[in-house]
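Structure first, commentary second.
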Amino acid sequence: MSQLKDKTAIVTGGARGIGRAIVEQFADEGAAIAVFDVAFPDDFEGFANGIREKGGKLEAYTVDITSSEAVEEACSTVAADFGSIDILVNNAGITRDKLLLRMGDDDWDKVMEVNLKGSFLMTRTVAKTMMRQRKGKIVNISSVVGVMGNAGQSNYSASKAGLIGFTKSTAKELASRNINVNAIAPGYVETEMTHVLSEEQLKAFLNIIPLKRGCSPKEIADTVTFLASEKSDYITGQVINVDGGMIM
């Protein structure tokens, strides 16, 4: 039986990488999906049509999640087009890696805007619909560096640590309305974002991962699907490290 049958999900940053893997798995599990992204790669339409050809429902929306007006408008459109919003995955994120003393104000502000403020705006907006429905699942994609820190990523680490605190606080606020809020903290995931790492950086990562390998986007999607499904109904306010044992 499909785990997400008759559910509507919004996935931010769903056009590529981890987000696309989540979208694909959600579609396989029967969900109707709204993909929010600021830009879509050339191959996305083919990917979306593949899902539709298999009977899935997917709509793509160009949305700047750092704008409260844009978020409100897009979420209202989704509620009207799909009839409900049952699942929100706050996956959109960017990096602007630099050592602290070389980091400019814009490097800090942009990362905080997308990674943290964007998740706040999406959650605040979608929570209104979920509270009326008296049910919902919210999954935030944090990072192990939000738990352990990482040199050259003080902005990214702070944004992902902030997302963990945000997860726990909103989980407490929304639990009475049967809304579960959890976070996943991926370790080294093989995506476009990590392909820019040098061989030396990659080796350093693998040396501290007990399983001695990176994680595929699908493996992150597996955990997201669990947290979005009824199988996780008694789990809220948690951070699940999907990191091959990196920070155990």
Side-chain angles (χ1 to χ4, degrees), residues 8-20 22-23 33-41 44 59-82 85 87-98 100 103-131 136-143 145-146 150 152-171 173-174 179 181-186 189 191-194 196 220 224:
T8 294
I10 297 176
V11 181
T12 70
R16 53 179 62 79
I18 292 172
R20 186 182 290 201
I22 293 166
V23 169
I33 307 148
V35 178
F36 285 12
D37 217 309
V38 72
F40 291 84
F44 185 80
E59 297 296 335
Y61 302 81
T62 302
V63 185
D64 175 5
I65 62 166
T66 70
S67 163
S68 57
E69 293 81 6
V71 167
E72 290 277 357
E73 181 179 350
C75 291
S76 293
T77 301
V78 171
D81 289 350
F82 290 80
I85 302 174
I87 301 160
L88 168 63
V89 182
N90 284 312
N91 166 74
I94 63 169
T95 58
R96 294 286 187 275
D97 296 351
K98 288 180 183 173
L100 176 65
M103 187 174 292
D105 292 1
D106 188 61
D107 296 321
W108 179 273
D109 293 342
K110 191 62 178 175
V111 168
M112 288 296 173
E113 264 200 312
V114 176
N115 298 5
L116 193 52
K117 183 184 178 184
S119 297
F120 156 66
L121 292 177
M122 286 297 306
T123 302
R124 183 180 67 180
T125 304
V126 169
K128 297 171 189 174
T129 298
M130 290 182 172
M131 288 174 76
K137 296 291 180 76
I138 299 172
V139 184
N140 297 319
I141 307 300
S142 180
S143 170
V145 303
N150 194 35
Q153 288 192 308
S154 60
N155 50 1
Y156 185 75
S157 298
S159 71
K160 293 301 187 178
L163 197 53
I164 289 172
F166 181 70
T167 297
K168 292 176 179 293
S169 297
T170 52
E173 289 187 26
L174 299 175
I179 300 168
V181 188
N182 292 288
I184 292 174
V189 185
T191 66
E192 290 177 20
M193 189 180 288
T194 55
V196 300
I220 302 299
V224 175

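Just so it is clear, the model here is predicted, and its values are computed rather than measured.
- A donor-acceptor contact shorter than 3.5 Å is absent between the side chain of Arg20 and the backbone of Gly14.
- Between Phe82 and Tyr61, the ring planes are tilted. Angles from 30° to 60° get that label.
- In this structure a side-chain-to-backbone donor-acceptor pair under 3.5 Å is present from Thr170 to Thr167.
- Side-chain contact annotation: Asn140 with Ser119, donor-acceptor N/O pair under 3.5 Å absent.
- For the pair Met131 and Glu173, the minimum side-chain heavy-atom distance is 4.5 Å or more.
- Taking both residues in full, the closest heavy atoms of Gly13 and Asn91 are given as O-ND2, 3.0 Å, listed atom of the first, atom of the second, then distance.
- One finds the CD atom of Gln153 at 12.5 Å from the CZ atom of Arg96 (value rounded to the nearest 0.5 Å).
- Considering every non-hydrogen atom in both Cys75 and Thr125, the closest pair reads CB-CG2, 3.7 Å.
- In this structure, the side chain of Ser143 engages the main chain of Val145 through a donor-acceptor pair within 3.5 Å.
- To the nearest 0.5 angstrom, Ser68 atom OG is 6.5 Å from Lys117 atom NZ.
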Exercise. Would you check, one step at a time, whether the test side-chain contact (heavy atoms from CB on, under 4.5 Å) holds for Glu59 with Thr77?
Key: CA-CA 11 Å; Glu59 297 296 335; Thr77 301; over 6 Å; no

Quiz item: Step by step, would you call Ile18 with Val224 a side-chain contact (heavy atoms from CB on, under 4.5 Å)?
Solution: CA-CA 10 Å; Ile18 292 172; Val224 175; 5.9 Å; no

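- Here the shortest heavy-atom pairing between Glu113 and Thr66 reads O-CG2, 3.5 Å.
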Practice problem: Please assess Phe44 against Asp37 for the test side-chain contact (heavy atoms from CB on, under 4.5 Å), listing each intermediate value before the final yes or no. | Solution: CA-CA 11 Å; Phe44 185 80; Asp37 217 309; over 6 Å; no

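- At distances below 3.5 Å, at least one donor-acceptor pair connects side-chain atoms of Lys160 with backbone N or O atoms of Ile141.
- A distance of 6.0 Å separates CD1 of Ile94 from NZ of Lys110, quoted to the nearest 0.5 Å.
- Interatomic distance, CD1 of Ile33 versus CD1 of Ile22, reported as 10.5 Å (0.5 Å rounding).
- Here the closest heavy-atom approach between residue Ser159 and residue Asn115 is recorded as OG-ND2, 3.1 Å.
- Ala161 and Gly146 make their closest contact through CB-O, 3.2 Å (heavy atoms, listed as atom of the first residue, atom of the second, distance).
- Distance CD1/Ile164 to OG/Ser142: 3.5 Å, rounded to 0.5 Å.
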Exercise. List the steps and the verdict of side-chain contact (heavy atoms from CB on, under 4.5 Å) for Leu174 and Met130.
Key: CA-CA 9 Å; Leu174 299 175; Met130 290 182 172; over 6 Å; no

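- Across all their heavy atoms, Asp64 and Ala70 have their closest contact at O-CB, 3.6 Å.
- The structure places CD1 of Ile138 at 10.0 Å from CD1 of Ile10, a figure rounded to the nearest 0.5 Å.
- Within the 3.5 Å criterion, the main-chain N or O of Ala92 finds a donor-acceptor partner in the side chain of Thr12.
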